[in-house]
Amino acid sequence: MVAAMASIADHSGLRPWRVIALRGDARKRLGRALAKANGTRAEKGIAKACRAPLVLTVVVSPHKTKKIPLWEQEAVASGVAHSLGLLLHEAGWGSMWRTGAPARSKVMRRALGLGKREYLLGWIYVGGIPDRDRKSKPRKPLDLSRHLTEL
Ligand SMILES: Cc1cc2nc3c(=O)[nH]c(=O)nc-3n(C[C@H](O)[C@H](O)[C@H](O)COP(=O)(O)O)c2cc1C
């Protein structure tokens, strides 16, 4: 699925993103950093990070270029996160994109080994879909008169 991200919209093809996968005990590192950033007990953070068997960390890895502003590079990384969610759904997995104040903290940056210019867009928690969620109501349809207009 990550390989499929080669074809998402990407101005100048910079590929200004990367994904750090956390499974098994690697999730505990995330959990400890969540706890430290939130000022809570380590167990609490670890329990949060271990809610799903796979946690995908979505990172913006910006290139230093005047031609492509940062927001466009962030839009590419955001496209990756959204597209992965859709592909996961299509393949039968449940996923949830989560953020929170710790995402941009120093503690988190260190725990995940981010480079100087890199920053997080959050985590996609991936796992099975519990029965109760399979029965949940679909989202409300869009009010297209608001979301699609003609000039
Ligand atoms: C950038 C971003 C950050 C998000 N962070 C959170 C979060 O921290 N906690 C949360 O409950 N939902 C968060 N969401 C929303 C969920 O990913 C998801 O869209 C929402 O729970 C509805 O999911 P559903 O349509 O499958 O019910 C975030 C969404 C985005 C795009």
Side-chain angles (χ1 to χ4, degrees), residues 1-2 4-11 14-24 26-63 68-148:
M1 286 180 195
V2 174
M5 299 302 107
S7 60
I8 68 161
D10 184 347
H11 196 170
L14 298 177
R15 300 186 168 167
W17 56 273
R18 65 189 179 104
V19 174
I20 306 169
L22 307 169
R23 305 168 211 262
R27 294 169 304 165
K28 292 185 184 168
R29 281 167 70 177
L30 167 63
R32 280 190 282 270
L34 284 173
K36 209 167 174 187
N38 281 328
T40 56
R41 286 180 305 117
E43 298 76 50
K44 200 170 169 189
I46 289 171
K48 274 190 177 176
C50 292
R51 279 179 294 202
L54 173 65
V55 182
L56 299 174
T57 315
V58 181
V59 182
V60 187
S61 300
H63 289 238
I68 314 297
L70 183 60
W71 77 265
E72 291 197 29
Q73 300 191 46
E74 184 172 316
V76 180
S78 178
V80 167
H82 283 292
S83 304
L84 283 177
L86 293 174
L87 282 182
L88 285 161
H89 178 81
E90 197 60 25
W93 295 100
S95 76
M96 184 164 177
W97 184 347
R98 288 183 167 272
T99 48
R104 300 272 165 100
S105 68
K106 257 191 192 162
V107 170
M108 190 58 72
R109 303 180 58 80
R110 220 174 299 128
L112 295 174
L114 297 197
K116 241 186 181 170
R117 300 165 52 75
E118 291 184 318
Y119 59 97
L120 291 190
L121 288 189
W123 298 272
I124 304 174
Y125 284 70
V126 185
I129 304 174
D131 280 344
R132 61 157 208 275
D133 288 349
R134 287 188 190 282
K135 288 177 210 135
S136 65
K137 278 193 211 151
R139 285 200 191 169
K140 273 197 287 184
L142 290 174
D143 170 8
L144 284 181
S145 65
R146 180 160 82 84
H147 295 284
L148 177 64

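For ligands, and for the atoms within them, numbers begin at 1 and follow the listed sequence.
With sequence neighbours excluded, the residues that form a ring pair (Phe, Tyr, Trp, His ring centres under 6.0 Å) with H82 are W97.
Closest of all the heavy-atom pairs between A111 and A33 is CB-CB, 3.7 Å. For D133 against I129, the heavy-atom pair with the smallest separation is CB-CG2, 3.9 Å.
By the 4.5 Å heavy-atom criterion applied to side chains, R117 and V60 are not counted as neighbours. Here the side chains of P102 and V107 are not in contact, with every heavy-atom distance at 4.5 Å or above.
Ligand 1 is surrounded by M96, W97, R98, T99, R139, each with at least one heavy atom closer than 4.0 Å.
R109 places a side-chain N or O within 3.5 Å of a backbone atom of G115 that can act as its donor or acceptor partner.
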